[in-house]
Colleague: 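Next up is a structure, given as structure tokens.
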Amino acid sequence: MLGKWIGKQSERRRLCRHCFTFFRPERIGVVCRSERCREVQDHTGARSPRFLFADEWDLWQDGGDGPRLDLDQPCPYCERIGHLGSVCPHCRQPLGIEQGEDQVIAVIGASASGKSHFLATVLHQLVDRRVGGDEWHVALEPAALRPLRERFLDPLFRHRELLRSTADQVDAELALPLENRRDGRRVLLVFRDLGGELFSQPERLRQVGFLRYAQGVVLMVDPVPFAPALRSGPPRPGERQPDALEILEVYRRVLETQERDPDHRALPLLPRQKFLALAVTKADLVLPGDHSFWSDNGGAPYLERGYWRRQADDDSVRRWVTEHLSPRLAEEAASFAGACWFFVSSLGFDPQPGQVRLEREPDPRRVHEPIFALLDRLTADLAAPGPSAPRADAEPQPEAEAGAPAPGGRRPAAPGTDWDL
């Protein structure tokens, strides 16, 4: 059985999310990071963790539901247990295949639309407030969580400092291993943040590999300026920052004109192969803090399998965007495999212009819903169909307490509160 599976998988090949190079699944690389093996001289003379190929050391085991990579075995060299990890055989960057199936989500948007704060608050909701914890378990060890706290959580939630912009660059990935407590779906949720400035440079954008292969995309739609964002230094003649509509248009054109491998048509290369979540960020500026939308979660039904796929007719946010921002956003979104629409608020209030340190801790509002919507769609084939009972070892997690309504503040002229929401 194992031999037949190896032969079948060789025809499919796997994609590295770091160097975007294909390799045969059975030839996945493995490194040992034990004290004895973590600095071994390789064929180039450099020192790095000991590297080996999984199929050459019988690390593929029959797991009942199919072969799995068994990294709980002792290292063939140092015989230590618990130090093996999966890596790409080409670039040797960690893949984390033992944690779950890769699901890459690209977070895109205009400059200063709030992409970094969105990622930080999503991490806060999933890890610290345990939103969705009765359904999804964040399988992160304290040591792996520490750098994420230092980079995202502590600056914003402990020191109350606004995060630095990722202007004109591709930010490092944020990887969260998740396991569904009810049906056993396991996924390594990988986020990538991209500076909005790159969307005005299509030639550079074509080199950003993860945008081609990301299965899900979150587009941050800033409702206030919906125009060029302010930036340091005078703009060059004829140059300005793209807004959310232009970013989506450029993204679609780059995907449709990119050269692709005809042997891997199943990969999510084209817009019609990707799922899109459009998140109207900074929604405090258009929805009052006491608006019913912020509290109407109906007991978190968005966690039910298939919930977001059943919401195709619930397009109140899409109608608002069409009426008050741009009808062409909906037209562009229609070129994707599926689109969901959201109001989100990463901070829970409107900071003052030029503010660097917040006066109070952020109170994120519904920032996790676009992620749960994409999870629902991207992991649909990882579990058996139909409802399933909670696993016996699932521990109940405390639900996040509802935050106090955000106080009123400066707001642009709003069309009112009766928006069919």
Side-chain angles (χ1 to χ4, degrees), residues 1-104 137-148 172-180 184-190 209-210 213 263-264 267 382 393:
M1 176 179 177
L2 189 60
K4 292 181 180 179
W5 177 86
I6 291 292
K8 184 177 180 180
Q9 290 296 307
S10 296
E11 301 173 0
R12 293 178 53 189
R13 296 193 294 172
R14 187 179 177 89
L15 178 74
C16 171
R17 70 174 188 270
H18 299 286
C19 66
F20 305 101
T21 304
F22 291 106
F23 61 90
R24 301 197 311 274
E26 75 275 11
R27 293 292 285 174
I28 192 170
V30 173
V31 295
C32 177
R33 300 187 180 91
S34 70
E35 184 175 355
R36 177 181 169 185
C37 291
R38 65 187 177 192
E39 291 190 4
V40 177
Q41 191 172 15
D42 60 21
H43 65 283
T44 66
R47 292 191 172 274
S48 59
R50 189 184 299 277
F51 174 86
L52 47 100
F53 288 102
D55 61 337
E56 294 180 356
W57 294 94
D58 296 327
L59 295 180
W60 286 108
Q61 301 294 324
D62 189 348
D65 296 329
R68 67 179 182 88
L69 186 62
D70 184 5
L71 298 178
D72 294 328
Q73 296 187 42
C75 169
Y77 290 90
C78 70
E79 299 184 349
R80 296 289 303 277
I81 296 176
H83 296 280
L84 298 181
S86 60
V87 297
C88 169
H90 298 284
C91 68
R92 302 195 180 183
Q93 291 294 313
L95 293 178
I97 188 174
E98 63 276 13
Q99 296 172 311
E101 185 69 23
D102 290 19
Q103 301 289 348
V104 179
H137 168 57
V138 182
L140 267 180
E141 297 294 334
L145 182 59
R146 191 173 301 116
L148 298 181
E173 70 176 30
L174 188 164
L176 290 180
L178 301 178
E179 182 173 1
N180 190 280
R185 284 174 289 174
R186 296 173 68 241
V187 57
L188 183 64
L189 196 60
V190 181
F210 79 84
Y213 300 110
D263 294 332
H264 296 85
L267 289 173
L382 299 182
D393 60 346

Colleague: Decide whether a cation-pi geometry holds between Arg36 and Tyr77; the criteria are a distance under 6.0 Å from NZ or CZ to the six-membered ring centre and an angle within 45° of the ring axis.
Modeller: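 No - Arg36 does not lie over the ring of Tyr77 by the 6.0 Å and 45° rule.
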Colleague: How long is the gap from CG on Asp55 to CD1 on Ile28, to the nearest 0.5 Å?
Modeller: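 Result: 10.5 Å between the selected atoms.
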Colleague: At their closest point, which heavy atom of Ala54 faces which heavy atom of Leu69, and how far apart are they?
Modeller: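 Closest approach of Ala54 to Leu69: CB-CD1, 3.6 Å.
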Colleague: Identify the two heavy atoms, one from Gly29 and one from Pro89, that lie closest to each other, and give their separation to 0.1 Å.
Modeller: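 Minimum heavy-atom separation between Gly29 and Pro89: N-CD, 4.0 Å.
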Colleague: Val87 and Pro94: which non-hydrogen atoms are nearest, and at how many Å?
Modeller: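 In terms of heavy atoms, the two residues are closest at CG1-CA, 4.0 Å.
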Colleague: To the nearest 0.5 Å, how far apart are CG in Leu84 and CZ in Arg33?
Modeller: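 Separation between the atoms: 9.0 Å.
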Colleague: Can you name the closest pair of heavy atoms from Pro49 and Cys32 and give their distance?
Modeller: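 Reported closest heavy-atom pair: CB-O, 3.5 Å.
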Colleague: Would you check if Leu145 and Val138 make a side-chain contact, meaning some heavy-atom pair closer than 4.5 Å?
Modeller: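 In short, these two side chains do not touch, never coming nearer than 4.5 Å.
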Colleague: Does atom CD (Glu79) have a neighbourhood of more than 12 heavy atoms from anything else shown, all under 6.0 Å?
Modeller: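 No, because the 6.0 Å sphere around CD of Glu79 holds 12 heavy atoms or fewer from other groups.
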Colleague: Just how far is it from atom SG of Cys75 to atom CZ of Arg50, taken to the nearest 0.5 Å?
Modeller: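 Going from SG on Cys75 over to CZ on Arg50, the span is 6.0 Å.
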Colleague: Of the non-hydrogen atoms in Pro25 and Trp60, which two are nearest, and what is the gap between them?
Modeller: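 Closest approach of Pro25 to Trp60: O-CZ2, 3.3 Å.
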Colleague: Quick one: do Glu35 and Arg80 make a salt bridge, cutoff under 4.0 Å?
Modeller: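 So Glu35 does not pair with Arg80 through a salt bridge.
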Colleague: Could you tell me the separation between the NE2 atom of His83 and the OG atom of Ser34, rounded to the nearest 0.5 Å?
Modeller: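 Answer rounded to 0.5 Å: 5.5 Å.
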Colleague: Calculate, to the nearest 0.5 Å, the distance between atoms CZ and NE2 belonging to Phe23 and His90 respectively.
Modeller: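 NE2 of His90 is found 7.0 Å from CZ of Phe23.
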Colleague: Looking at Glu56, I'd like to know if its CD atom is crowded, meaning that more than 12 non-hydrogen atoms belonging to other residues, nucleotides or ligands lie closer than 6.0 Å.
Modeller: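 More than 12 within 6.0 Å, yes.
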Colleague: Which heavy-atom pair separates Ser86 from Leu71 by the least distance, and what is that distance?
Modeller: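 The pair with the smallest heavy-atom distance is N-CD1, 3.7 Å.
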Colleague: Name all residues meeting the side chain to side chain contact (heavy atoms under 4.5 Å, CB included) criterion together with Gln73; count only those two or more places apart in sequence or in a different chain, and write none if there are none.
Modeller: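 So Gln73 forms a side chain to side chain contact (heavy atoms under 4.5 Å, CB included) with Leu59, Gln61, Asp70.
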Colleague: Return the set of residues passing side chain to side chain contact (heavy atoms under 4.5 Å, CB included) with Pro76 (not counting sequence neighbours), or none when no residue passes.
Modeller: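 Expected list: Leu52, Trp57.
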